[in-house]
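Below is one structure, written out as structure tokens; the observations come after it.
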Protein chains: 2
Amino acid sequence: MSPMPVPLYQAKADFFRTLGHPVRIRVLELLRDGPRPVRELLTEIEVEASNLSQQLAVLRRTGLVGAVREGGTVVYSLATPDVVDLLATARRILTDMITGQGELLAELQAEAAE
Amino acid sequence: MSPMPVPLYQAKADFFRTLGHPVRIRVLELLRDGPRPVRELLTEIEVEASNLSQQLAVLRRTGLVGAVREGGTVVYSLATPDVVDLLATARRILTDMITGQGELLAELQAEAAE
DNA sequence: TTCGCAATTGAAGAATTCTTCAATTCAGCA
DNA sequence: TGCTGAATTGAAGAATTCTTCAATTGCGAA
């Protein structure tokens, strides 16, 4: 059983880390439905333009999104549709965990009522 | 079209952020194959005991893993098997993205062939 | 009890990431 | 040319996360 080469889990961690920001999550979810110009992302995400640009830059560096200039605007899109699967799986896990907490809460309440 | 409630993408971001650390990734991948005592994780992951404990605490708080004390040792396990899907999807995306950067690609393929 | 091992905790400084501001680039148009 | 709106960039301080150390807890054996 060979040990996992060192740089690999670092790469995986870096990858997940780029997803670990609310604005970047929002961008990816908006791009699920197709390419969008920055201007449009900006109207849906309440954040300063320069901040959005910073987060878009992070996503670009990681290679999760691509950007194309079209005249005066820049249009962003997902680099791979797999991202959609990832977000869906994450949501499922989150749902499970919240449900689990709900059950736990219910148990605690039932217990307290005895 | 109602906007996504604010705390939700924050929750998603927090979730991904807990995955954004090489030691935590390693732990989750080791737990894929079943529950393991801390002592055993420690032999496979080269890190100080207190550091591993800190990272395990992060995973516990997020609810991704569970811990049970068995005598002198503590055994960890995945809280939900969905985590396995998430890691697999992430690997697929990484594979897509780094095609052309030989080293990492080879490692990913070797891992997939296990 | 007391010792020893396994694991965790709290806290401090180091390192990284975020947010914001000012300045800059780029394209289109008067 | 110069002006405007769109988007990006660089840099600084603020905020968060990491690593490490020392101290502590829990449990079984002597």
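Just so we're on the same page: letters track the sequence lines, and every chain starts at 1. No experiment lies behind these values; they were computed from the predicted model shown.
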Roughly how many Å is it from [atom1] in [X] to [atom2] in [N], rounded to a whole number?
X	N	atom1	atom2	answer
A:Tyr76	D:dT8	OH	C1'	8 Å
B:Leu59	C:dA7	CG	C1'	15 Å
A:Arg69	D:dT8	CZ	C1'	9 Å
B:Glu70	D:dC27	CD	P	13 Å
A:Arg39	C:dA27	CZ	C1'	14 Å

If we ignore hydrogens and angles and just use 3.5 Å, is the side chain of [X] paired with the main-chain N or O of [Y] as donor and acceptor?
X	Y	value
A:Arg26	A:Glu44	yes
A:Arg17	B:Arg17	no
A:Arg24	A:Leu56	no

- [ ] Classify every nucleotide of nucleotides 12-23 of chain C by which part a protein heavy atom approaches to under 4.0 Å, writing B for the base, S for the sugar-phosphate alone and - for neither, in 5'-to-3' order.
- [x] -----SSSBBB-
Open item on the list: Under 4.0 Å, counting only non-hydrogen atoms across every strand here, what does A:Thr73 touch: a base, just sugar-phosphate, or nothing?
Closed with: sugar-phosphate
Open item on the list: Under 4.0 Å from OP1 or OP2 of C:dT9: is there any side-chain N or O of B:Arg61 that close?
Closed with: no
Task: Within 6.0 Å of CD in B:Glu46, more than 12 heavy atoms from elsewhere - done: no
Open item on the list: Would you say that more than 12 heavy atoms from the other residues, nucleotides or ligands in this model lie under 6.0 Å from the CD of A:Glu40, or not?
Closed with: yes
- [ ] Heavy atoms only: give me the nearest A:Thr62-A:Val58 pair and the separation to one decimal.
- [x] OG1-O, 2.8 Å
